[in-house]
Amino acid sequence: MPKKRGLYAVIFLLALLLVLQTSVVYGAGKVQLNFWSLRTEDVPAYQKFIKAFEAKNPGITVKFTAYKNTEYRNILKTAILGGSGPDLFWSSEFTMLQEYADNGYLMPLDGKVPAIKTNFRPGDLEGVKGSDGKIYGIPHGSYVYGVYYNKNAFKKFGLAEPQSWPDLIKVAQAIKGAGAVPFAQGTKDSWTLQECMFEGAFGPTFLRGREWYDAAVKGKTNFLDPRFVKALENLLDLKPFFPAGFEGISYTDTQMLFTQERAAMFIGGSWEIGFFERMNPKLDFDMAIGFPETKGGPYWLATPANCTVVNAKTKHPAEVIKFMNFLASKEFGQMYSSELKTMTPILGVKYTHPIFAKASRRLDEAKGVVPFLYSYPVFNREEPAGDVLFANGLQAMFAGKKTPKQVAEDIQNGIAKWYKPFKH
Amino acid sequence: MNLKAKQKRPVQTHIVVFIIPALIIYTVFVVYPFLVSFRLSLYDWKGLGPMIYVGLGNFVKLFTKEPFNQQFFNALKHNIIFFVVTMVVQNLVGLVLAIILSRRIKGSAVFQAVYFLPVTLSLVVVGYLWTLMLNPMWGTVNLILRAVGLGSLARPWLGDPHTALLAIIFVNAWQWIGFPLLVFLASIQGIPDEFFEAARIDGASEWHVARYITVPLILPSITMVTIMTFIGTMNAFDIVYTMEGILGSPFFSTDVLGTFFYRTAFGTVWGTPGNLGFGSAVAVVMFLMVLIVSYTWLRITRKHEVQY
């Protein structure tokens, strides 16, 4: 019997081990930094960047791990709360960064990364500041938004690149008149309305950059302001140029419509370029960026960026700061944009792709460059949040269920439930 | 067995040893999170930052404060529609099909396999497949409608607030119809043949046989399927998430308690912060609703069951 009991004890221990198995980390004499991201598609590129960094900084290795984007935030939150978590990680600007920074989970970078002051536009650093005004992140990839157009279709219809908002409407009318579909746009995925169309491509010029926004944040005006309602009305002018059944057309459908040349224009962000080229290498397209009220007039652009932040509890602060300095360098900016075919907020980067070169020029010529403002940083802090109110409101507006004025009222009523300056 | 005999039996050590690992896993991953979510529902907690005890505040907020109560009752209404319509288009149709197939018509086995096939597909595949078929531009549904001259019925099924929820319910029923069918078929085949023979000799019509013999005798299966449908539809999430996303697009017209819970607990992908405390309160309410209704239902229907 005792023998048997010993056997049971062994089985029990083995079973217990299986359940409570813990991962063992092997030290190798080198400092290893853990870097988490949600950009699974960027893994090969980041491995190249990291190799370049490691070559110059012997003794430091960086391990880049990417999680599925729908799970990333929860995995990260759990790890950080548990006191573990990576040394540095991907964060979106504003809401996510501030959520971590304001609760003391991030390391401020002021004074530790000198290139922050020289390599970025001040506007591009707005989204990486905590509520205390300190800088917590280094912005990397950024986007510009505009209207992609099919050059062959434009040639066929005898059209030139639209230079202003009225121009864009005229071009759309001409394409529709010729019996073709002007915009590859659908409203099934409401984020495209809120992000690509309102926040990205057109909103900043309709609302003159920060003009309405700054007054609204202080409570001096609100979403019922005629300027805001007018912005919604302007957007609604595009509806007649959407394909039939646009209410049921999803984001991926719209990409297909444009790349298969079934629609002449596509409103979207600069991340599409690489995708469009891969989907249809024969597609000849360009992008119109910035739509002033009149040709040659002032226009505003939005360039939201994401950033890399440092865990306040990192065990290797000196090494992480070295890596952050690398992320803020022109060398990294150049590598990043060439390798990933995207824009970067790092100044002085040379773009070989004609659309990026143009975007870079249009950013310089713009009257102002803003981050995503209208539904995100301030108006997204509590429930009901700006992004959902905007997305649902715009979707209902295009479906004809609500007028621009009603949409503005819904947003106002929603935000006023918790935003103190709106409570009078 | 008397008490003494019981005590004399040797302790079944090996049973204990084999149960413990599973028990630990079950406790750690099911029981513990379950209890924690009950506790969490009494707190205001955004995941980071302090946990603030608010008592029943989350529940009060859920039922009385706009827009949460609007969204909650809107979602609940959709769950109820989901349940009622599923009972008809999935379970009633499944029952009729089961009665037909039980007559051992030609190709009965093939039909059984065909009806059951979608059950084995991954839900994501089903959602994607139907999203394509319901696409307003190249979807086969609209193409067929146009081909047979019903072009006026073609619409953006998943983008129109009047049809989106029904389309999702239909897709869900399409996938799951094989399950009630199989359960009903098995119970019908368990009914002694004499009952049917006797009825037919007495001149009962097919309807009478179904109404007075088949249905009463398979009532336990109907109860089980109904309760499972209720639990499934009240907790519906994945099919809505796959086909319409986290916002129950278009503008909350397909929002169900599952998506509402997900939004409130974890926030949106773009960065609206979630509130795990409030989300847990939603989950607790969902759990209690399912528990109370299922239990009462079982108690009531038990009384009507026929023994044979």
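First the proteins, then the strands, lettered A, B, ... as listed; each starts at 1.
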Self-check item: Between CG on residue B/N275 and CD on residue A/E382, distance to nearest 0.5 Å
Solution: 9.0 Å

Quiz item: Nearest 0.5 Å, what's the OG-CD1 distance between A/S190 and B/I246?
Solution: 11.5 Å

Quiz item: Looking at B/M243 and A/K188, what are the two nearest heavy atoms and their distance?
Solution: O-NZ, 2.7 Å

Self-check item: chain B contact via A/N103 - side chain, backbone, both or neither, heavy atoms under 4.5 Å
Solution: side chain

Self-check item: Under 4.5 Å from a heavy atom of chain B, the part of A/A399 involved
Solution: side chain

Practice problem: Walk me through it: do A/M256 and B/N135 pass the test side-chain contact (heavy atoms from CB on, under 4.5 Å)? | Solution: CA-CA 12 Å; A/M256 209 118 91; B/N135 183 296; over 6 Å; no

Quiz item: Side chain, backbone, both or neither: which part of B/Q71 has an atom under 4.5 Å from a heavy atom of chain A?
Solution: neither

Practice problem: With a 4.5 angstrom heavy-atom cut-off, could you sort out which part of B/F278 is near chain A: side chain, backbone, both or neither? | Solution: neither

Quiz item: Which region of A/R262, side chain (C-beta onward) or backbone (N, CA, C, O), has a non-hydrogen atom less than 4.5 Å from a non-hydrogen atom of chain B, or is it both or neither?
Solution: side chain

Quiz item: Is there a donor-acceptor pair under 3.5 Å between the side chain of B/S249 and the backbone N or O of A/D189?
Solution: no

Quiz item: About how many Å separate NZ of B/K46 and NZ of A/K77, when rounded to the nearest 0.5 Å?
Solution: 9.5 Å

Quiz prompt | Separation between CG of A/L81 and CH2 of B/W45, rounded to the nearest 0.5 Å | solution = 5.5 Å

Exercise. Measure the NZ-NZ distance between B/K65 and A/K417 for me, rounded to the nearest 0.5 Å.
Key: 8.5 Å

Practice problem: To the nearest 0.5 angstrom, please state how far the CG atom of A/D253 sits from the CE atom of B/M137. | Solution: 9.0 Å

Quiz item: Hey, does the side chain of A/E247 reach the backbone of B/P156 with a donor-acceptor pair shorter than 3.5 angstrom?
Solution: no

Quiz item: Of all of B/F252, B/W138, B/W157, B/F68, which one pairs up most often with chain A through heavy atoms under 4.5 Å apart?
Solution: B/W138

Quiz item: Shortest non-hydrogen contact from A/N392 to B/F251?
Solution: OD1-CA, 3.4 Å

Quiz item: Considering only heavy atoms, which portion of B/S253 lies under 4.5 Å from any heavy atom of chain A: side chain, backbone, both, or neither?
Solution: neither

Quiz item: Which bit of A/F246 is near chain B, if near means a heavy-atom gap under 4.5 Å: side chain, backbone, both or neither?
Solution: neither

